[in-house]
Amino acid sequence: MVVVVALAIEGLVATFGALHEDPSQLPYAASILLAVGLLLAGWGVFVRLNRYAEELEPEAMEAAKREDKKVK
């Protein structure tokens with residue numbers, strides 16, 4: 001999540017910098033923002049699929065959570 005937020009801020013800064021200084025750099029700034037959008041969409045799909053997995057196999061998820069507690 002931190003990487004996505006940092007990239008979003010970098011994309012916004014690059015966009016405003018390109019608008020004021022060198023408009024030829026605007027496609028690069030747009031590509032950063034597009035990458036942020038793709039990362040957020042991918043993360044959303046991951047969370048959705050993980051939720052479905054938890055509903056399908058609740059016993060397996062509980063076993064995995066118990067293993068996590070052992071590792072901590």
Side-chain angles (χ1 to χ4, degrees):
M1 180 67 178
V2 174
V3 173
V4 174
V5 171
L7 282 174
I9 292 170
E10 182 65 30
L12 290 173
V13 169
T15 300
F16 285 113
L19 286 175
H20 291 290
E21 295 171 13
D22 187 10
S24 68
Q25 297 293 320
L26 205 52
Y28 301 113
S31 66
I32 293 173
L33 293 174
L34 181 65
V36 168
L38 289 173
L39 283 171
L40 280 175
W43 188 29
V45 169
F46 171 76
V47 168
R48 171 70 68 142
L49 293 175
N50 196 28
R51 182 173 164 229
Y52 288 147
E54 287 181 6
E55 290 173 1
L56 281 174
E57 297 287 337
E59 296 87 16
M61 293 304 292
E62 284 300 319
K65 289 178 183 177
R66 284 193 298 274
E67 289 177 8
D68 287 345
K69 288 179 183 175
K70 290 179 187 176
V71 173
K72 289 180 185 178

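The basis for the numbers below is simple: all heavy atoms, side chains too, and nothing from hydrogens, waters or symmetry mates.
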Check whether [X] and [Y] end up in the same hydrophobic cluster, where Ile, Leu, Val, Met, Phe, Trp and Tyr are linked by side-chain heavy atoms less than 4.5 Å apart.
{"X": "Val5", "Y": "Leu38", "answer": "no"}
{"X": "Ile9", "Y": "Leu34", "answer": "no"}
{"X": "Phe46", "Y": "Leu7", "answer": "yes"}

| query | In Å and rounded to the nearest 0.5 Å, what is the CD to CG distance from Gln25 to Leu19? | reply |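 These two atoms lie 12.0 Å from each other.
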
- Out of curiosity, Tyr28 OH to Leu33 CG, how far, rounded to the nearest 0.5 Å?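 One gets 15.5 Å once the value is rounded to the nearest 0.5 Å.
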
*Over all atoms of both residues, closest heavy-atom pair of Asp22 and Ser24*: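 Looking at all heavy atoms of both residues, the closest pair is OD1-OG, 2.8 Å.
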
Tightest non-hydrogen contact, residues Gly11 and Ile32, listed as CA-CG2, 3.7 Å

TODO: Could you tell me which residues satisfy side-chain contact (heavy atoms from CB on, under 4.5 Å) with Val4, sequence neighbours excluded, listed by chain and number?
DONE: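 Per chain and number, Val4 pairs via side-chain contact (heavy atoms from CB on, under 4.5 Å) with Val36, Leu39, Leu40.
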
Task: Partners passing side-chain contact (heavy atoms from CB on, under 4.5 Å) against Leu49 (at least two apart in sequence or in another chain) - done: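 By the side-chain contact (heavy atoms from CB on, under 4.5 Å) rule, Leu49 matches Val45, Tyr52.
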
